[in-house]
Structures are given as structure tokens and as C-alpha cells.
Amino acid sequence: MPTTLAADVTAWYARAARDLPWRAPDAGPWAVLVSEVMLQQTPVRRVLPAYQAWLRRWPTPAALAADEPGDAVRAWGKLGYPRRALRLHACARAIVAEHGGTVPRELDELLALPGVGSYTARAVAAFAFGLRHPVVDTNVRRVVARAVHGRGEAGPPATARDLAEVTALLPADTGEAVRFSVAVMELGALVCTARGPRCGECPLIARCAWNRAGRPEYSGPRVRPQRFAGTDRQVRGLLLDVLREGPGPVTRTALDAVWSEPVQRERALGALLADGLIHRLPDGRYALPR
DNA sequence: TACACGTGGGC
DNA sequence: TGCCCAAGTGT
């Protein structure tokens with residue numbers, strides 16, 4: 001009897017999976033949600049220590065909700081995209097206000113939470129609650145692009161189509177579907193990587209359309225690379241770092257010191273204030289949000 | 001759809 | 001050295 005793609009990936013996962021804390025049996029829905037938000041665009045290696053510290057300090061949504069948003073931004077440290085910290089804090093308050101402090105399990109309820117989009121809602125529903133939902137992230141899209149379509153890269157996301165393609169691969173059994181979802185993500189993270197894929201270790205080597213085609217170089221539309229040096233994003237990071245590193249409010253002079261070009265500096269500071277990442281005190285100094 | 005949004009490490 | 005990449009979301 002021929003195996004399925006899902007069965008092959010799941011069998012590989014059983015022996016190759018990393019031991020990650022958010023996959024432990026004692027990781028509840030809140031822990032899974034925290035891990036998923038931290039893992040948005042941030043590598044596992046850097047998430048690990050922040051995740052542990054975060055859950056020790058805020059083991060429940062209610063615990064986080066009781067503290068100030070600035071505490072979340074500071075604890076976020078240098079994980080990057082600090083708006084995620086603000087949203088996770090708002091998420092905790094929403095869970096308390098609208099769900100009695102319990103992470104909801106329905107997709108539409110999860111989707112309504114701040115910072116929770118299509119990927120994270122499905123990941124929490126599947127991994128924390130064991131529900132049968134397709135989970136689509138960049139790893140999954142790359143594995144499908146290669147194994148199914150024979151393309152070297154996934155190209156720009158097409159949400160509806162991506163979801164349909166993964167749904168087509170999803171085992172009918174709920175437990176198997178969940179194991180498959182986490183397994184494909186792991187395969188994309190460890191073997192079917194963006195650069196230097198380890199095809200020799202891949203459980204799908206025999207059925208991979210990309211491999212059969214001789215692993216042709218990708219020629220489709222490319223995702224526009226993100227620049228960083230010299231952008232507003234870099235300036236925002238430098239400004240916020242001043243607040244994060246210091247114990248309390250700082251002067252405008254201290255902020256001005258991190259970027260010499262005044263127009264861009266002003267724009268970045270204004271954006272941070274607008275985002276709620278920074279708060280301006282009556283005395284003119286700046287602080288993390290209360 | 002395309003763009004903005006942090007940070008650090010690999011090559 | 002710079003460029004590319006890492007479990008996305010919101011607008």
C-alpha cells in the first residue's frame with residue numbers, strides 16, 4: 001500500500017523533531033499563543049529565552065493584562081517588531097474582557113484578537129486545541145511549492161489558494177492532521193530550507209516534483225527583499241532601544257542622540273508615538289506606554 | 001496587492 | 001560586504 005505525503009512527513013517528524021518547550025504536553029493554549037506570536041518572523045533560537053522568561057512572569061493572560069503595555073514592550077527585548085508586544089498585551093486584555101481569561105478555541109474568535117492573523121489563529125486552534133485546521137506558514141508554502149508543484153520557491157502568498165492546497169494534503173483524521181501540520185513546518189525549517197535544502201535527508205525525496213525535475217532554479221515572481229539600513233525601521237529601533245534599556249523616562253536630547261538626520265528622526269519618533277510604542281509625558285520627556 | 005514593520009546571523 | 005532569511009499582521 002502506497003504511503004501518503006502526509007504519512008511520510010509525519011513518520012520523519014517522529015524521529016527528527018526538535019524538543020521545543022511550546023510542544024511539550026504541559027504547554028497550554030496561552031503558552032502556544034505566546035510562542036506563535038514571538039515566532040512571527042523571528043528565529044526559534046532567539047525566541048527560546050524570551051519565551052521562557054515571558055511565561056514565568058505572565059503565566060496567564062490575566063497576569064499580563066494586569067500589567068502595563070510598557071512592561072510587555074520592555075520584556076519583548078530585542079525580538080524585533082515590538083508592535084507584536086503591544087498587540088500581545090492587547091490580546092491578553094481582550095481574552096480577559098471577552099473570554100473570561102481563557103484563550104478561545106474557535107477560529108473566528110482567535111482571528112478577532114489583536115496580533116492574531118490567519119496563520120496564528122490556525123496554529124493555536126490546531127496545536128493548542130487539537131482541532132483539524134490547515135496551518136499555512138512560509139515553511140509549508142515552500143514544501144508544497146517544491147514537493148507538489150516542482151517550483152524552487154513559493155513566491156508571493158496567495159492566501160485562498162495556499163489554504164486550499166494544504167487542505168488537500170490534510171489527513172482526514174484529526175490527530176493525524178495536527179501531527180502533519182507541525183511536521184510539515186518542521187520539515188521546512190530543518191530540511192526543505194530556503195537556502196541549501198538538505199534533500200538527502202528528505203522523506204519526500206522520492207515523490208518531490210522539484211527534485212524529479214532536477215531542482216530547477218526559481219524563475220517566478222519574487223518577494224521584494226526588505227531593506228533595513230537607513231530606513232525608518234532602523235531609526236525606530238534605535239529610538240525604542242533607548243527607552244527599553246533605560247529604567248525610566250528619557251529626555252528628548254537622549255533620543256535625538258541616536259540619529260543625526262532630523263527629518264527622518266522626527267518622522268520615526270512621530271510614528272512610534274502614533275503606534276503607542278512610546279508615550280510623551282507632561283514634562284516633555286518620553287517613556288514606554290502605561 | 002504591496003508595503004511597512006526589528007533584529008541578528010549565515011554566507 | 002551587503003544581501004537574504006526567520007512559525008506574519010495590519011493597512
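FYI, side chains are in, hydrogens and waters are out, and symmetry mates aren't considered; it's all heavy atoms of this structure. Note on naming: letters A, B, ... go to the chains in the order of the sequence lines (proteins, then strands), and numbering restarts at 1 for each one.
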Expressed in angstrom and rounded to an integer, what is the separation of Arg227(A) atom CZ from dC5(C) atom P?
16 Å
Determine the contact category for Arg122(A): base if any of its heavy atoms lies under 4.0 Å from a base atom, sugar-phosphate if only primed atoms, P, OP1 or OP2 are that close, otherwise nothing.
nothing
Give a yes or no on whether the backbone of Gly80(A) and the side-chain of Arg84(A) come within a donor-acceptor separation of less than 3.5 Å.
yes
Categorize Ala123(A) for me: base, sugar-phosphate, or nothing, with a 4.0 angstrom heavy-atom threshold over every strand shown.
nothing
Measuring only the P atom in each nucleotide, how far is dA7(C) from dC3(B)? A whole number of Å is fine.
22 Å
With sugar-phosphate meaning primed atoms plus P, OP1 and OP2, does Leu79(A) contact a base, only sugar-phosphate, or nothing at under 4.0 Å between heavy atoms?
base
Nearest-Å distance for atom pair CG/P, residues Leu88(A) and dG10(C)
12 Å
Are the side chain of Gln41(A) and the backbone N or O of Tyr81(A) linked by a donor-acceptor pair below 3.5 Å?
no
Treating Arg74(A) as the side-chain partner and Gly246(A) as the backbone partner, does any N or O pair qualify as donor plus acceptor under 3.5 Å?
yes
Heavy atoms only, 4.0 Å cut-off, all strands: where does Ser118(A) land among base, sugar-phosphate and nothing?
sugar-phosphate
Once you round it to whole Å, what is the distance between P of dG8(C) and CG of Leu163(A)?
15 Å
Just the table, please: protein N/O against nucleotides 2-4 of chain C N/O, every pair under 3.5 Å.
residue: dC4(C); atom: O2; partner: Arg195(A); partner atom: NH1; Å: 3.3

Would Glu165(A) and Arg161(A) pass as an ion pair if we require N to O under 4.0 Å?
yes
May I ask you to say whether Arg141(A) pairs ionically with Asp137(A), meaning some side-chain N is under 4.0 Å from a carboxylate O?
no
Strictly distance-based, threshold 3.5 Å: is any side-chain N or O of Gln234(A) a donor or acceptor partner for the main-chain N or O of Gly230(A)?
yes
Spacing between Arg83(A) atom CZ and dT11(C) atom P, to the nearest angstrom:
9 Å
Which pairs pass salt bridge (charged side-chain N to carboxylate O under 4.0 Å, His left out) with one or both residues in residues 168-189 of chain A, sequence neighbours excluded?
Arg18(A)-Glu186(A), Arg23(A)-Glu186(A)
What parts of residues 11-30 of chain A reach DNA chain B, counting only heavy atoms under 4.0 Å away?
none
Would you say the side-chain atoms of Arg215(A) pair up with the backbone N or O of Trp210(A), donor to acceptor, closer than 3.5 Å?
no
NA contact type, Pro114(A), heavy-atom cut-off 4.0 Å: base, sugar-phosphate, or nothing?
sugar-phosphate
I'd like to know if the side chain of Arg132(A) reaches the main chain of Gly175(A), judged simply by a donor and an acceptor atom lying under 3.5 Å from each other, with no hydrogens or angles considered.
no
Whole-Å distance between dG10(C) C1' and Tyr119(A) OH?
18 Å
Using only atom types and a distance under 3.5 Å, with no angle test, would you say the side chain of Arg151(A) pairs donor to acceptor with the backbone of Ser219(A)?
no
Comparing Pro156(A) with Arg244(A), nearest DNA chain B nucleotide closer to 5' gives the residue Pro156(A)
Pair Asp241(A) + Arg244(A): basic N to acidic O under 4.0 Å
yes
Using the test salt bridge (Lys or Arg N to Asp or Glu O under 4.0 Å), find all partners of Arg87(A) that sit at least two apart in sequence or belong to another chain.
none
Chain A contact limits on DNA chain B, taken 5' to 3' with a cut-off of 4.0 angstrom to heavy atoms
dC3(B) to dG10(B)
Does anything in residues 48-61 of chain A pair up under side-chain hydrogen bond (donor to acceptor under 3.5 Å, both in side chains), and if so which pairs, sequence neighbours excluded?
Trp58(A)-Asp67(A)
Contact list please: residues 125-153 of chain A against DNA chain C, heavy atoms, distance less than 4.0 Å, in numerical order.
Asp137(A), Thr138(A), Asn139(A), Arg142(A)
Spell out, as yes or no, whether a donor-acceptor pair under 3.5 Å connects the side chain of Thr193(A) to the backbone of Ala189(A).
no
Those residues that, when tested against Arg236(A), pass salt bridge (Lys or Arg N to Asp or Glu O under 4.0 Å) (two or more places apart)
Asp275(A)
For the backbone of Asp108(A) and the side chain of Glu106(A), can you confirm whether one donor and one acceptor N or O come within less than 3.5 Å of each other?
no
Residues two or more places apart in sequence or in another chain: which of them pass side chain to side chain contact (heavy atoms under 4.5 Å, CB included) with Arg15(A)?
Trp12(A)
Regarding Gly117(A), tell me which of base, sugar-phosphate or nothing describes its non-hydrogen contacts under 4.0 Å with the strands shown.
sugar-phosphate
Which of residues 248-277 of chain A have a heavy atom under 4.0 Å from DNA chain B?
none
If each of Thr159(A) and Gly77(A) is mapped to the nucleotide of DNA chain B with the nearest heavy atom, which maps nearer the 5' terminus, i.e. the 5' end?
Thr159(A)
For Arg233(A) and dG10(C), what is the distance between atoms CZ and C1' respectively, to the nearest whole Å?
15 Å
Mind checking the P distance from dG8(B) to dT9(C)? Whole angstroms is fine.
23 Å
Check DNA chain B against residues 38-59 of chain A and give the residues with a non-hydrogen atom under 4.0 Å, in numerical order.
Gln41(A), Thr42(A), Arg46(A)
Using a distance-only test with no angle check, is there a side-chain donor-acceptor pair under 3.5 angstrom linking Glu36(A) and Tyr119(A)?
yes
Flag, side chain of Thr10(A) to backbone of Ala7(A), donor-acceptor distance under 3.5 Å
no
Does Thr120(A) put a side-chain nitrogen or oxygen below 4.0 Å from OP1 or OP2 of dT9(C)?
yes
Sorted by chain and number, sequence neighbours left out, side-chain hydrogen bond (donor to acceptor under 3.5 Å, both in side chains) with Arg146(A) holds for none
